[in-house]
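What's counted below: heavy atoms across the whole structure, side chains too, no hydrogens, waters or symmetry copies.
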Amino acid sequence: MSSVIERPAATRHVIDERSFTLAAGLPTGPVSVEPYRSPEFFELERERVFKRAWLCIGRVEQLPQINSYFTKDIEIWKASVLVTRDKQDKIRAFHNVCSHRGNLVVNQSCGVAERLVCRYHNWQYRNDGELIGVPDQKHFFDLDKKTCGLTPISCEVWEGFIFLNHQKKPEVTLAEFLGPFGTRYAGIPYFNLDETIVIQADFKANWKLIADAFAEPYHVPSLHPATLAPGFAHPEENRYARPLSAMAHGIHRHFSAYGNPDYVPSPTSKVEALVYVQDTGGVLGGDASDNAAALTAHPAINPTKDRSWSADVTWLFPNFNIDYSTGGFWTHEFWPVAHDRTHWTLKIYIPKTMSIRHRLQLEHYACRWAEVVLEDVTNCERIQRGLESRAKDAMILQDAEMLIRHSLHVLDKWVKADRVADALR
């Protein structure tokens with residue numbers, strides 16, 4: 001099942017040499033919408049993409065000390081996973097399933113424990129996965145505790161981000177999976193890790209629709225006229241919020257967002273005027289930190305070093321974003337539940353508050369994000385309804401929507417490839 005419908009050569013429109021799409025070596029024709037509405041394609045994604053790709057499930061700060069742990073439901077795997085930091089300071093991951101009768105071992109979302117106990121029959125496991133206690137063991141038949149530990153999941157860490165792979169023996173390492181992206185974005189300073197604003201939503205739309213919403217700024221002037229457009233578009237210089245740059249990095253991608261250099265809060269926006277800080281990413285800048293200079297100096301960030309830069313949006317295939325601005329960084333997780341259901345999580349990393357004004361600034365920051373999210377999520381459900389009607393079989397993408405085209409192009413390769421190595425080419 002192809003996700004690309006190529007326009008006949010005679011009808012192609014000539015796009016100028018600055019085209020992000022052409023620079024990425026992508027076709028320019030209409031793109032099939034079947035991957036957004038097909039239950040059959042969703043099952044292909046489950047097996048060929050999400051069960052073979054490396055998936056980011058959190059950061060090392062979620063395991064702040066020896067013997068700490070957290071759990072996470074990965075619905076596309078139909079699994080609960082347990083991630084631990086053992087006494088050797090090694091981060092490990094396991095299926096959160098007892099070897100005795102299949103019960104979930106840990107029911108808490110996070111905690112600190114060297115021993116983990118399944119409360120069904122009190123089987124005990126060390127946080128390195130070893131089975132260490134079985135009540136009334138003598139009445140089992142030839143029980144070998146060494147073979148009955150927690151089932152491990154391949155786990156690797158890149159730049160503080162924790163990745164898991166469902167394959168018992170991953171076909172490629174995390175470094176191979178990240179490819180040029182992993183090299184290019186290594187060494188970026190991650191700051192403001194003290195606190196996290198978390199916004200979550202469950203909604204009736206395909207996971208790619210919400211991912212697409214954060215992959216292009218073309219919709220900003222029309223869908224976000226009051227929340228984002230004033231800071232990320234300009235009535236003369238950049239009316240349609242065209243990106244400053246957009247590139248593919250192997251199977252991953254990024255775009256750099258324009259920031260209106262003339263932006264100031266409206267006179268009627270009294271609260272925003274009170275807390276607004278210049279040169280921190282416009283309305284999505286949460287902090288004026290000294291770390292911003294180190295971030296913007298990194299060659300991967302704002303690669304054209306344009307003075308009108310506001311933020312970089314990076315999309316790690318298949319379902320994870322890391323976005324950067326002078327105020328810090330935030331992440332998006334787009335978790336598929338069904339072909340028309342998604343669980344989405346936004347994590348915004350913010351500093352500890354230093355004053356009442358700073359607290360108010362961060363609260364305003366969170367509220368602005370909530371407004372933007374509501375606009376995007378509501379619109380995604382409308383798109384899903386439109387696609388389910390089957391009135392249209394393809395969508396026509398603009399050059400600023402290159403990241404969406406690239407994502408579908410890569411997705412198509414993964415569902416067709418028998419080997420991950422082939423999908424990475």
Side-chain angles (χ1 to χ4, degrees), residues 50 53-77 79-97 104-117 125-129 150-166 174 177-178 182 185-202 286-287 289 291 314 316 318-324 327-335 343-353 362 365-366 369:
F50 284 89
W54 286 90
L55 307 179
C56 185
I57 52 89
R59 280 194 58 84
V60 294
E61 289 80 16
Q62 294 173 251
L63 302 168
Q65 64 186 78
I66 298 297
N67 296 329
S68 54
Y69 68 84
F70 70 86
T71 60
K72 184 177 182 67
D73 290 334
I74 302 181
E75 294 178 87
I76 191 71
W77 287 0
S80 171
V81 302
L82 169 67
V83 185
T84 69
R85 186 188 289 268
D86 67 19
K87 64 181 181 181
Q88 277 74 45
D89 203 27
K90 181 178 176 60
I91 294 177
R92 301 174 180 269
F94 307 92
H95 286 278
N96 183 24
V97 178
L104 297 186
V105 176
V106 179
N107 298 311
Q108 293 76 28
S109 61
C110 61
V112 178
E114 184 177 357
R115 294 189 176 194
L116 306 165
V117 182
Y125 301 86
R126 205 162 28 226
N127 59 16
D128 63 2
L150 297 174
T151 302
I153 300 173
S154 295
C155 176
E156 293 191 33
V157 177
W158 172 81
E159 299 292 309
F161 293 95
I162 302 170
F163 288 79
L164 305 184
N165 192 299
H166 188 272
L174 176 60
F177 176 79
L178 292 174
Y185 284 84
I188 288 178
Y190 290 94
F191 52 96
N192 292 352
L193 298 172
D194 303 298
E195 298 181 24
T196 309
I197 297 172
V198 179
I199 301 175
Q200 295 180 310
D202 293 284
D287 176 39
S289 170
N291 292 305
T314 70
L316 280 73
N319 68 323
F320 188 67
N321 280 17
I322 311 173
D323 302 335
Y324 308 90
F329 76 105
W330 59 93
T331 64
H332 297 274
E333 301 172 34
F334 312 109
W335 291 105
H343 179 74
W344 165 81
T345 299
L346 166 65
K347 294 181 180 179
I348 307 167
Y349 294 84
I350 61 173
K352 291 181 179 178
T353 54
L362 293 175
Y365 183 41
W369 259 116

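Counting heavy atoms from C-beta on, the side chains of Phe70 and Val81 never come closer than 4.5 Å. Within the 4.5 Å cutoff, the side chain of Asn165 has no heavy atoms near those of the Leu55 side chain. For the pair His332 and Asp323, the minimum side-chain heavy-atom distance is below 4.5 Å. Side-chain atoms of Ile66 and Asp86, non-hydrogen and from C-beta on, never get closer than 4.5 Å to each other. Side chains of Asn192 and Ile348 form no contact here, defined as non-hydrogen atoms less than 4.5 Å apart. Between Leu178 and Trp54 the shortest side-chain heavy-atom distance does not fall below 4.5 Å. Side-chain contact between Gln65 and Val112 is present, with heavy atoms from C-beta onward closer than 4.5 Å.
For the atom pair Ile57 CD1 and Trp335 CH2, the distance stands at 7.5 Å (nearest 0.5 Å). In this structure, Thr345 OG1 and Lys72 NZ are separated by 5.5 Å, a value rounded to the nearest 0.5 Å. Rounding to the nearest 0.5 Å places SG of Cys56 at 6.5 Å from CD of Glu333. Rounding to the nearest 0.5 Å places NE2 of His166 at 10.5 Å from CD1 of Ile76. Rounding to the nearest 0.5 Å gives a distance of 5.5 Å between CD of Glu114 and NZ of Lys87. Taking CH2 from Trp330 and CD1 from Ile350, the interatomic distance works out to 13.5 Å, rounded to the nearest 0.5 Å.
Contact detail for Val97 and Val105: the closest heavy-atom pair is C-CG2, 3.8 Å. Scanning all heavy atoms of the two residues, the minimum distance from Arg59 to Glu61 falls at NE-OE1, 2.8 Å. Taking all atoms of both residues into account, the shortest heavy-atom contact from Ala53 to Phe177 is CB-CE1, 3.7 Å. The shortest heavy-atom contact between Ile91 and Val60 is CD1-CG1, 3.6 Å.
In terms of the ring-ring contact (aromatic ring centres under 6.0 Å, His included) criterion, residue partners of Phe329 (sequence neighbours excluded) are, by chain and number, Tyr190, Tyr349. For the ring-ring contact (aromatic ring centres under 6.0 Å, His included) test, no residue two or more places apart in sequence or in another chain qualifies with Tyr69. When the side-chain hydrogen bond (donor to acceptor under 3.5 Å, both in side chains) test is applied to Asn67, the partners found at least two apart in sequence or on another chain are Asn127. Phe163 pairs by the ring-ring contact (aromatic ring centres under 6.0 Å, His included) definition with nothing, not counting sequence neighbours. For the side-chain hydrogen bond (donor to acceptor under 3.5 Å, both in side chains) test, no residue two or more places apart in sequence or in another chain qualifies with Thr71.
When atom types are taken as modelled, the side chain of Trp77 and the backbone of Phe50 share a donor-acceptor pair closer than 3.5 angstrom. Counting only distance, with no hydrogens or angles, the side chain of Thr331 and the backbone of Asn321 share no donor-acceptor pair below 3.5 Å. A donor-acceptor pair under 3.5 Å links the side-chain atoms of Asn96 to the main chain of Val106, judged by distance alone.
With respect to Arg92 and Asp128, no salt bridge is recorded, no charged nitrogen being found less than 4.0 Å from a carboxylate O.
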Would you be so kind as to tabulate the donor-acceptor pairs closer than 3.5 Å made by side chains of residues 152-159, with sequence neighbours excluded?
from: Trp158; atom 1: NE1; to: Gly182; atom 2: O; distance (Å): 3.3
from: Glu159; atom 1: OE1; to: Gly187; atom 2: N; distance (Å): 3.1
from: Glu159; atom 1: OE2; to: Gly187; atom 2: N; distance (Å): 3.4

Item to check | Pair Phe161-Leu316, side chain to side chain contact (heavy atoms under 4.5 Å, CB included): steps then yes or no | outcome: CA-CA 12 Å; Phe161 293 95; Leu316 280 73; over 6 Å; no

